[in-house]
Amino acid sequence: MLIPFDDYPLHQTALPVAHAGDGHADFYDRFWFNGYDEEMYFAVALGLYPNRGVIDAAFSVVHDGVQRSVFASGRIPLDRTSTTIGPISIEIVEPMRVSRVLVDSPEHGLTADLVATARTAAYEEPRQTRHEGTRLAMDVTRATQMVSWSGAFSTGGQEIRIAPGTFGTKDRSWGVRGVGDPAPAAPRTSSPQLFFLWAPLNFADECVHYLVFENEFGRPWAETAVVMPVLGEGAPVAGPDLGFRELHGARHDIRWAPGLRRSERASIVVPGGEAVELEPLRAFRMKGVGYLHPTWSHGRWHGELAVGGEAHRTADLDVLAFDTVHVQQVMRATWGQRTGLGVLEQAVIGPYRPGGFLDLLDGARERVHDEEGGEELSGE
């Protein structure tokens, strides 16, 4: 099937553009953005699932102790450049430099007109491929880019003007990952297990990005740590020589919040260099843009067009549940003399022995102080 985008010289296989991922049902192509300061956080996601015939999107804000979200889902357009569904639209104004986000859902308490401008070039993370037995569970490419925001949004009737220099992240990923209703298959032979950290951190002169997937014993199966220079005038945003500097041997050090699966504090430790210290300011539950959402999870068919919304007190989401355990925390970051802002995304499901997690969703154990001023984990 031909679509208008086939007129551009960008084909990677003998197939038309409409046919993606060798027909794999879990093939997806997604835009994802966040923006934040010390008072608020917002995120937007828009995904296309060509082999499921679905497009969906969500916009969510945390402000004044409330996380408010709007969701939209429908039939994928034949024109792949039509990145709009219901009240949510993402426009590529200039590829990898400028994007515009529009939201028009006052009935769900959310509107937005926001522009993201690149602060760094796009960093291609190492390809993330994972099999579960004979099944391909994940095969993903992600391009991560730091951005600055302008514009405004409203939440619950209150307009928020974006302050100059407000930081955020643009994430473009595509490939195969579990989406939609699972295909019929033999039952799993092991419990679910996922440990994922993703930390794009904005500083004034250069940025740091850290990613790791680990198995239950803490052994990484995908990882990267890189310093990303802030763009100068006319600097390229993609290509072979973008000035990235790898931080070899970087590792994370997380103190887990008692009873939960998110950090109380964290750092990224760099051998021979200064650690990046992270202080949590607020938490955003990724269910707000569809991740692990019981109704609005990615790639599900809801009909030709479906739109919905929800609002929660953030304190009510501070629990161990399958749909709230995947979080991003806004972090005040300290790196030597530099101070900045970023996020630490955490998805910890199933056993993770370095953190003391043994079951599907058990929380971090309490720490107690001994008489000599040290501390240890209580319980087993």
Side-chain angles (χ1 to χ4, degrees), residues 4-5 7-12 17 28-37 41-48 55 57-59 79-85 88-103 112-126 140-153 161-175 198-211 224 226-245 289 328 340-343 345:
F5 219 55
D7 205 24
Y8 293 88
L10 46 66
H11 296 90
Q12 303 295 304
V17 172
Y28 78 101
D29 209 333
R30 178 170 297 133
F31 297 87
W32 190 94
F33 297 83
N34 69 13
Y36 44 81
D37 59 24
Y41 172 104
F42 63 85
V44 60
L46 186 147
L48 300 97
I55 179 175
F59 178 73
D79 182 356
R80 202 65 58 78
T81 65
S82 180
T83 47
T84 297
I85 178 63
I88 303 170
S89 175
I90 294 177
E91 178 186 353
I92 303 170
V93 179
E94 186 177 352
M96 293 189 177
R97 288 192 186 274
V98 182
S99 303
R100 186 182 184 192
V101 175
L102 296 172
V103 181
D113 188 347
L114 298 164
V115 174
T117 302
R119 296 192 69 228
T120 71
Y123 175 68
E124 182 182 343
E125 297 175 2
V140 168
T141 291
R142 180 187 292 108
T144 297
Q145 197 167 16
M146 310 303 182
V147 301
S148 61
W149 288 96
S150 60
F153 66 87
R161 301 294 304 179
I162 299 297
T166 295
F167 292 147
T169 317
K170 178 183 180 181
D171 164 347
R172 278 286 289 116
S173 69
W174 59 92
W198 191 73
L201 307 170
N202 278 278
F203 298 92
D205 58 339
E206 54 186 3
C207 302
V208 172
H209 180 46
Y210 175 75
L211 166 148
T224 191
V226 64
V227 176
M228 307 167 71
V230 170
L231 290 170
E233 185 71 27
V237 290
D241 185 14
L242 301 171
F244 298 136
R245 187 170 79 252
V289 284
Q328 281 199 356
L341 280 177
V343 298
E345 182 172 345

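The salt bridge (charged side-chain N to carboxylate O under 4.0 Å, His left out) search around Arg97 returns Glu94, not counting sequence neighbours. Under the rule for a ring pair (Phe, Tyr, Trp, His ring centres under 6.0 Å), Phe167 has no partner lying at least two apart in sequence or in another chain. Remark: Thr120 engages Gln145, Met146, Cys207, Met228 in a side chain to side chain contact (heavy atoms under 4.5 Å, CB included) (not counting sequence neighbours). With sequence neighbours excluded, no residue satisfies salt bridge (charged side-chain N to carboxylate O under 4.0 Å, His left out) with Asp37. Residues forming a side chain to side chain donor-acceptor pair (under 3.5 Å) with Ser89 (at least two apart in sequence, or on another chain): Thr84. In terms of the side chain to side chain contact (heavy atoms under 4.5 Å, CB included) criterion, residue partners of Trp174 (sequence neighbours excluded) are, by chain and number, Asp29, Thr141, Arg172. By the side chain to side chain contact (heavy atoms under 4.5 Å, CB included) test, Ala235 pairs with Leu231, sequence neighbours left out. Remark: Ile162 engages Met40, Phe42, Leu114, Trp149, Phe153, Thr166 in a side chain to side chain contact (heavy atoms under 4.5 Å, CB included) (not counting sequence neighbours). Residues meeting the ring pair (Phe, Tyr, Trp, His ring centres under 6.0 Å) test with Tyr123, sequence neighbours left out: Phe244. When the salt bridge (charged side-chain N to carboxylate O under 4.0 Å, His left out) test is applied to Asp205, the partners found at least two apart in sequence or on another chain are Arg338. In this view, Asp79 satisfies the salt bridge (charged side-chain N to carboxylate O under 4.0 Å, His left out) rule with no residue, not counting sequence neighbours.
Counting all heavy atoms, side chain and backbone alike, Ala152 lies closest to Arg161 at CB-NH1, 3.3 Å. Contact detail for Thr169 and Pro200: the closest heavy-atom pair is OG1-CG, 3.5 Å. Taking all atoms of both residues into account, the shortest heavy-atom contact from Pro95 to Val237 is O-CG2, 4.3 Å. Across all their heavy atoms, Ala122 and Ala143 have their closest contact at CB-CB, 4.4 Å. Smallest separation of non-hydrogen atoms from Arg119 and Ala204: NH2-O, 3.2 Å.
Residue pairs meeting the salt bridge (Lys or Arg N to Asp or Glu O under 4.0 Å) criterion with at least one member in residues 141-150, sequence neighbours excluded, are Glu125-Arg142, Arg142-Asp171.
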One pair to check against side chain to side chain contact (heavy atoms under 4.5 Å, CB included): Phe31 and Val101. What are the steps and the verdict?
CA-CA 11 Å; Phe31 297 87; Val101 175; over 6 Å; no

Using the rule given for side chain to side chain contact (heavy atoms under 4.5 Å, CB included), can you reason through Trp32 versus Ser173, listing the C-alpha separation, both sets of side-chain angles and the distance that settles it, and then say yes or no?
CA-CA 8 Å; Trp32 190 94; Ser173 69; over 6 Å; no

Decide side chain to side chain contact (heavy atoms under 4.5 Å, CB included) for Val208 and Phe203; before the verdict, give the C-alpha distance in whole Å, the side-chain angles of both, and the deciding distance to 0.1 Å.
CA-CA 8 Å; Val208 172; Phe203 298 92; 4.3 Å; yes

Please report the C-alpha distance between Ile55 and Leu46 in whole Å, then the side-chain angles of each, then the deciding distance to 0.1 Å, and finally whether the side chain to side chain contact (heavy atoms under 4.5 Å, CB included) criterion is met.
CA-CA 7 Å; Ile55 179 175; Leu46 186 147; 4.2 Å; yes

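Contact check for Leu242 versus Pro236: side-chain heavy atoms found under the 4.5 Å cut-off. Asn34 has its side chain within reach of Val343: a pair of non-hydrogen atoms, C-beta onward, lies under 4.5 Å apart. Here the side chains of Arg100 and Ile90 are not in contact, with every heavy-atom distance at 4.5 Å or above. Side-chain contact check for Thr144 versus Lys170: every heavy-atom pair is 4.5 Å or farther apart. At least one side-chain heavy atom of Ile88 sits less than 4.5 Å from a side-chain heavy atom of Val44.
A donor-acceptor contact closer than 3.5 angstrom is absent between the side chains of Gln328 and Tyr36.
Of the inter-residue distances, the one linking Ile92 atom CD1 with Thr83 atom OG1 reads 6.0 Å to the nearest 0.5 angstrom. Remark: Leu102 CG to Asp113 CG distance equals 5.0 Å, nearest 0.5 Å.
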